[in-house]
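Here's the structure, in structure tokens; my notes come after.
The analysis underlying the following values was restricted to heavy atoms, covering all of them including side chains, and did not include hydrogens, waters or symmetry mates. Quantities reported herein were computed from a predicted structural model and do not represent experimental measurements. Position 1 is the first residue of the sequence, and the numbers go up from there.
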Amino acid sequence: MSRSQFLAVVGVLTAGAAPAWSKDSEALKGTKKDPVFEQCLSQCMYDCTKPKGVEQKSRGECLPECKEKCATSKAQLLKGEPLKEQK
């Protein structure tokens, strides 16, 4: 099988396929696992920790700033998971 034949087959098989996270995106919205929140946080951390001249911030300094910038819910601002009440 040639490269072009392989790519044609793969293209047909994946055409119209939704991203893996799209089916659960509504269930994840507003949580720390929200793909939009994770992407925003990742990009913000990258930009914040890049050296700017002689000054460079640590990840610990950037995380609170980036969470504040990217969070859309109170749960995303928390440090860990909230405790669940036991019955």
I'd like to know whether NZ of K52 has more than 12 heavy-atom contacts from other residues, nucleotides or ligands below 6.0 angstrom.
yes

Answer yes or no for C44 and C66: SG-SG distance under 2.5 Å.
yes

Evaluate whether atom CD of E61 has more than 12 neighbouring non-hydrogen atoms of other residues, nucleotides or ligands under 6.0 angstrom away.
yes

Which pair of non-hydrogen atoms, one from K29 and one from D34, has the smallest distance, and what is that distance?
CA-OD2, 3.8 Å

Non-hydrogen atoms of Q76 and F37 that approach each other most closely
NE2-CB, 3.4 Å

CE on M45 to NZ on K67, rounded to 0.5 Å:
9.5 Å

Nearest 0.5 angstrom please: T49 OG1 to K57 NZ, how far?
10.5 Å

Contact summary for E38 and K33, nearest pair of heavy atoms:
OE2-CA, 3.7 Å

Between C48 and the options R59, K69, E65, the side-chain contact (heavy atoms from CB on, under 4.5 Å) test singles out E65

For the student: nearest non-hydrogen atoms of L78 and K32, plus distance:
O-NZ, 2.7 Å

A71 and L77: which non-hydrogen atoms are nearest, and at how many Å?
CB-CD2, 3.6 Å

